[in-house]
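Worksheet for the structure shown next.
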Amino acid sequence: MTEGADAAFRRFVAAERDGLLAEALRLTGDPDRAEDAVQRALARTRLHWGRRGADPATTAADALHDAATGEDGGQVLESLDDRRPPAPPPPAHWRLDADAAATDALGRARRQRRVRTAGLAAAAAATVAVAALVVPQPGPEPRDAGGAPQPAADVPVLTEPTRGTLAGDTAFVEAARRADWGPLTPPPVEERRVVLATDTPDGRVVLLAGTVDEDVRGVWLTGPVGAPPEQLTRSVPQDLGPYRPASLLVGGPGPATLVVVTAPGDEVEVSPRLQVGPRGTVDRSYEPVPADGGLAVTGVRTTTAGAGTSVRVLRDGQPVYRAGVTAPSLPTGAAPGLPAGPAEVPPLEPLRPASARPAERLVTEALTDIAVPLGAEPADLQPQLLWAGTLPMPEVPGSAAVVVGRSPGGGLVVTTWAGQLGATGAGRTVPCGVHTPPGTTDVAGLVVARVCDLSSPESEPSDAGRWLVVTAPAPAAAAAVLDEHGGLLATVPLPDGGGVALLPTGARDVRTLDAAGRALTEVPVSAIATEPFGDYGSGEVR
């Protein structure tokens, strides 16, 4: 980043920031979130500065839309009352002036560039290491010629000596080493590692690991305290890696035990659930838990549907890992928070006229998807079915449902789901995304514009399977789908308070219209959901 480019960027910020703040305030409805979105957009603009064919104003506008509509991880108010009030007035003073905003954005851009560079280097190093993997036993931390400690990603986790309360029981540890791995091909007995053997308030837990054909694999063994290895139940951990912390949840619903295996010396923090506050803000709060020698065992609470728990691991004071937890009862490939069993969901009547009632499974999964991260039972979210409709798909028609819940923190949580289900409820469902309006928002006035991707799972996503789902209150009779320049791409009728259409290429915003064609409200088309609701984390922190 040259000084000349930095100076030009500062001039750009001075000239364009006020307009960006006004647009962000319109999109988010909240000054704090608006300013945060602008700073993220400015940082991305600086990262793209000087690229051939890149226009800074266009880059900033696109980046602002992504930041304010949640594509880069934010949560914003994207649904408005049908008598939409004007955007809130800007504060008397923004937190940053133009010069400070430019300095902050330059710093963010430099950090992002350093992180990307370091991530590529660490990934390359990890690839080389795994290619000839025999995880070494713990020893003095190796240092390079300059005396720097080895990268965090290269600190082995799946090592002996065995951790846990049963580590001193030689007979048990050796019996565990010889335990059956089921259909999973194990390494030779002498090459297996008993990483963990411990008793917890909710049962016995063992973690075995080893390498077969350069592939790191392992099994969890769980069961009642006192049970020998051959009587413990096997389950295969997901995303096991030689340098990746491993965690498992045992017990529940209600009180349960979380077991976390890390590198010796790591610190462990736990977030019990996602928090959605009364203003619609979304956050997680992490608290440290005792960890000793690469093992943390702590109590958590779960619901009948799953756990909202996320684990964060720190090394030398810096986060190196953040992810959700799974339980051995979950199916192979389960994502964090997946229901452990059917949730109790009360029958819901749609608030707006519906041409067809959604399948019970669709509503149940929609509510469970938001309840689990919040650490709540679905019925406790005061759920409401805002709207449901039919997707005119060939052979088996699809359906969509927009469901609203109220978080324990007071904010609203609005989720859209779509499915292609038969009469028995069999078939597939997909989440289309979540947004979190403030708790004071009038549910009856919500406007939602979501994309549901029901492309064939056997092929790449295509426009043929992407549906735009729109619901709005009366007097809205239709929705105009607009491109980034405000040009009309399509019109979606809203005869029953909602409607669906195949997503037009380039769709950016939706403007609702009354029967006479007069404009009522305008909201952005929400980005296609790429991450599950819950902000659990996806593993290594780069």
- Task: Please check if any side-chain donor atom of T59 sits under 3.5 Å from a side-chain acceptor atom of T45, or the reverse.
- Result: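 No.
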
- Could you verify whether a donor N or O on one side chain and an acceptor N or O on the other, from R284 and S310, lie under 3.5 Å apart?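 On atom types as modelled, these side chains do not qualify, holding no pair under 3.5 Å.
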
For the residue pair [X] and [Y], what are the closest heavy atoms and their distance?
X: Y536; Y: T309; value: CD2-O, 3.5 Å
X: V325; Y: S247; value: CG1-OG, 3.4 Å
X: A256; Y: T302; value: CB-CG2, 3.9 Å
X: A477; Y: D514; value: CB-C, 4.0 Å
X: W417; Y: T429; value: CZ3-OG1, 3.4 Å
X: G499; Y: V492; value: C-CG1, 3.9 Å

- C432 pairs by side chain to side chain contact (heavy atoms under 4.5 Å, CB included) with which of V469, L454, T416?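 Testing each of V469, L454, T416 against C432, the sole residue satisfying side chain to side chain contact (heavy atoms under 4.5 Å, CB included) is T416.
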
- Sole residue of I370, V448, T436, V403 in side chain to side chain contact (heavy atoms under 4.5 Å, CB included) with V414: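 Answer after filtering I370, V448, T436, V403: V448.
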
Atom pair [atom1] ([X]) and [atom2] ([Y]), whose distance is rounded to the nearest 0.5 Å:
X: Q382; Y: L412; atom1: CD; atom2: CG; answer: 9.5 Å
X: D213; Y: T185; atom1: CG; atom2: OG1; answer: 8.5 Å
X: L362; Y: Q420; atom1: CG; atom2: CD; answer: 12.0 Å
X: R40; Y: R108; atom1: CZ; atom2: CZ; answer: 7.5 Å
X: E35; Y: L21; atom1: CD; atom2: CG; answer: 6.0 Å
X: S271; Y: Y286; atom1: OG; atom2: OH; answer: 5.0 Å

Would you check if the side chain of [X] reaches a backbone N or O of [Y] as a donor-acceptor pair within less than 3.5 Å?
X: E377; Y: T303; result: no
X: R361; Y: A426; result: no
X: R244; Y: D239; result: yes
X: W387; Y: D496; result: yes
X: S407; Y: V276; result: yes
X: R352; Y: A444; result: yes

- Taking atom CZ of R279 as the centre, report whether more than 12 heavy atoms of other residues, nucleotides or ligands fall under 6.0 Å from it.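 12 or below, so no.
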
Check whether any side-chain heavy atom of [X] sits under 4.5 Å from a side-chain heavy atom of [Y], and report yes or no.
X: P237; Y: L248; result: no
X: E365; Y: D369; result: no
X: P358; Y: L385; result: yes
X: T390; Y: S399; result: no
X: D62; Y: R44; result: no
X: V500; Y: L468; result: no
X: P473; Y: V447; result: yes
X: L367; Y: L348; result: yes

- Message: Working note: H435 + R450, criterion side chain to side chain contact (heavy atoms under 4.5 Å, CB included); need CA distance, chi angles, decisive distance, verdict.
- Response: CA-CA 10 Å; H435 66 282; R450 275 280 173 196; 3.9 Å; yes

- E349/R357 salt bridge by N-O under 4.0 Å criterion: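 Between E349 and R357 there is a salt bridge, with a charged N closer than 4.0 Å to a carboxylate O.
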
- Residues L488, L482; criterion side chain to side chain contact (heavy atoms under 4.5 Å, CB included); working and verdict: CA-CA 5 Å; L488 180 64; L482 311 176; 4.3 Å; yes

- I would like to know whether L221 and R234 meet side chain to side chain contact (heavy atoms under 4.5 Å, CB included); could you show each step before the answer? CA-CA 5 Å; L221 304 178; R234 297 181 301 269; 3.5 Å; yes

- Step by step, would you call D535 with R322 a side chain to side chain contact (heavy atoms under 4.5 Å, CB included)? CA-CA 10 Å; D535 189 29; R322 191 173 75 91; 2.9 Å; yes

- Message: Between R466 and D453, is the salt bridge (Lys or Arg N to Asp or Glu O under 4.0 Å) condition met? List the steps.
- Response: CA-CA 4 Å; R466 291 183 172 180; D453 191 349; 3.5 Å; yes

